[in-house]
Amino acid sequence: MTIHGEGDLKTEIAERLRTFVEDEVAPHAARIDRENAFPEDIYRKMGEEGLLGLARPQGAAMSTLEWAMWVEELAAASATVADIVCSADLVALILDEHGTQEQRSMIGPLLAGEAVGAFALTEARAGSNAAAIETVAHHEGNSYVLDGAKAWITCAQRADWAIVLAKTDQAAGTRGITAFLVERGGFTNGERPYDTMGQRGTAVGELHLDGCRVPEGMTVGEPGRGYKLAMKALDTGRIGIAALAVGVARAAYEAAVDFASRREQFGQTIASFQGLRWMLVDMATDIEAARLLTHRAAQLKDTARPYTTQSAMAKLRASDVAMRVSVDALQVHGASGYSRDLPLERYVRDAKLTQIYEGTNQIQREVIARQLLG
Ligand SMILES: Cc1cc2nc3c(=O)[nH]c(=O)nc-3n(C[C@H](O)[C@H](O)[C@H](O)COP(=O)(O)OP(=O)(O)OC[C@H]3O[C@@H](n4cnc5c(N)ncnc54)[C@H](O)[C@@H]3O)c2cc1C
């Protein structure tokens, strides 16, 4: 296995990442998927090894580009683990950029793998239209009281705390949404994590807030600025999801090349048939293009230039590539690809989610259209 774009990564850390993925993640990917169980040991070890929040100053202070390479590498072994890392890094980013000193003190335990955080925007009736959230926060004395329920929240069932978006002013539209840091106890969960199709084991589920009292000091950023904060964070989050999608696509492609080079039909390897050769070439070309878009968005962020359009483009293209490549890679395997004994069907299931979360691909097109056309 090679870290893609390795030249840009410090050799020592690249070596550490490679070893970690090979020894600690890849051997457990199938089990995590089968059991739909949060990978506690891996999460803790990533914390111990300093592999969470790699782009945070409290972590390894890597560039966004290097972080994207790490996410790709992880996802090629386990999309579930990569998604958990992306979720942790998203909440660490939000606290780092908008949190008070007290709130930022939560980043240390998170990056050490001792605590799990969640980002809670989506609700049962507010998905793509995030501005329609119905969770409310009423100001009472020195506190806010939150009521509502969040759905489809990564790490919800396992989270020690969550950044929760709630309406503090019903009449103010997106300017009436505020972010809160809510600790477990303030919220409860549904009975069990959702039984998802792919990226299983992320403890995705619900957060219920029933008269949850939060001190005033636990608003993240200023009251009324939560929606903007969330959209800005998702711009970065989408670079991570794009990298994750590239990782899944790469794993599927590499498996297809390996299989096609070994499998013989009609007295020759199936890799010698033009129909399959061109399929593999198209996969490799699509992956390279998706990776370049992802790295371009990361570099724009690293050089403090606008990157909303490019991160949406990267997420849009990379997730479509992951879907197409994983389906084609399964096809290259014939019947073997259809068996649960090989990871091809998992790659297809894992890839599908990248077209849905952090804004569906229809919404990515809307984001891009708004930037290009107003
Ligand atoms: C496994 C998983 C993990 C997730 N993790 C998190 C998390 O950690 N935190 C969080 O807050 N959320 C999370 N989500 C929620 C995710 O971001 C939403 O599911 C997503 O934004 C889509 O919302 P929805 O499912 O309600 O679909 P809907 O908004 O109901 O959309 C249904 C369909 O209509 C399309 N559609 C909607 N509006 C438009 C439009 N204007 N133009 C064209 N098409 C449109 C959509 O593209 C989609 O195909 C997660 C979801 C999943 C599945």
Side-chain angles (χ1 to χ4, degrees), residues 32-33 36 38 75 78-94 110 116-135 148-167 177 179-182 187 189-190 192-209 220 226-227 229-238 240-242 244-245 248 311-312 315-316 319-320 322-323 346 349-370 373:
I32 293 167
D33 174 62
N36 193 24
F38 188 87
S78 166
T80 297
V81 174
D83 188 24
I84 290 167
V85 164
C86 284
S87 176
D89 291 1
L90 183 74
V91 290
L93 168 85
I94 293 173
L110 181 89
V116 177
F119 171 75
L121 173 61
T122 302
E123 299 178 1
R125 282 200 290 260
S128 299
N129 185 9
I133 57 170
E134 294 169 346
T135 297
K150 297 290 173 181
W152 292 105
I153 306 305
T154 302
C155 297
Q157 304 286 130
R158 182 54 188 79
D160 298 288
W161 49 265
I163 295 172
V164 175
L165 281 297
K167 281 214 165 135
I177 293 176
F180 295 88
L181 182 55
V182 182
F187 59 81
N189 297 118
R192 60 182 82 84
Y194 295 148
D195 191 8
T196 55
M197 169 180 166
Q199 298 191 28
R200 292 163 60 74
T202 64
V204 61
E206 292 161 10
L207 294 183
H208 298 272
L209 302 128
V220 183
Y227 187 81
L229 166 159
M231 293 305 122
K232 187 166 171 254
L234 288 176
D235 281 347
T236 305
R238 285 169 189 152
I241 301 306
L244 185 155
V248 173
S311 69
K315 196 267 189 191
L316 171 63
S319 59
D320 284 352
M323 200 61 229
R346 168 160 60 87
R349 291 186 285 108
D350 286 348
K352 185 60 206 168
L353 181 53
T354 63
Q355 294 178 315
I356 297 174
Y357 60 9
E358 298 219 3
T360 67
N361 280 4
Q362 286 73 31
I363 295 305
Q364 300 314 310
R365 287 184 174 88
E366 283 302 309
V367 170
I368 298 163
R370 260 201 306 277
L373 309 168

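Atoms within a ligand are numbered from 1 in the order they appear, just like the ligands themselves.
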### Within-4.5 Å side-chain heavy-atom neighbours: I32 and R200
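In short, these two side chains do not touch, never coming nearer than 4.5 Å.
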### Message
When you compare the side chain of L110 with that of W161, does any pair of heavy atoms fall below 4.5 Å?
### Response
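Yes, their side chains come closer than 4.5 Å.
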### Message
Less than 3.5 Å apart, any donor N or O on the side chain of Y194 or E206 sitting next to an acceptor on the other?
### Response
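Yes - a donor-acceptor pair under 3.5 Å links their side chains.
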### Query
Quick one: OG1 on T154 to CD1 on I84, what's the gap to the nearest 0.5 Å?
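Answer rounded to 0.5 Å: 8.5 Å.
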Report each N/O pair between ligand 1 and the protein that falls under 3.5 Å, naming both atoms.
| unit_1 | atom_1 | unit_2 | atom_2 | d |
| --- | --- | --- | --- | --- |
| ligand 1 | 5 (N) | W152 | O | 3.0 |
| ligand 1 | 5 (N) | T154 | OG1 | 2.8 |
| ligand 1 | 8 (O) | T154 | N | 2.9 |
| ligand 1 | 8 (O) | T154 | OG1 | 3.3 |
| ligand 1 | 9 (N) | F119 | O | 2.8 |
| ligand 1 | 11 (O) | L121 | N | 2.9 |
| ligand 1 | 11 (O) | T122 | N | 2.9 |
| ligand 1 | 11 (O) | T122 | OG1 | 3.1 |
| ligand 1 | 12 (N) | T122 | OG1 | 2.7 |
| ligand 1 | 12 (N) | W152 | O | 3.4 |
| ligand 1 | 14 (N) | W152 | O | 3.0 |
| ligand 1 | 23 (O) | S128 | N | 3.4 |
| ligand 1 | 29 (O) | S128 | N | 2.9 |
| ligand 1 | 29 (O) | S128 | OG | 2.6 |
| ligand 1 | 47 (O) | T360 | OG1 | 2.6 |
| ligand 1 | 47 (O) | Q362 | OE1 | 2.7 |

### Task
Apply the side-chain hydrogen bond (donor to acceptor under 3.5 Å, both in side chains) test between K315 and each candidate in N361, D235, T354; give the one that qualifies.
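Answer to the side-chain hydrogen bond (donor to acceptor under 3.5 Å, both in side chains) test with K315 among N361, D235, T354: N361.
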### Message
Quick check on side chain to side chain contact (heavy atoms under 4.5 Å, CB included): which of T196, I356, L121 does W152 satisfy it with?
### Response
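Exactly one candidate clears the test, T196.
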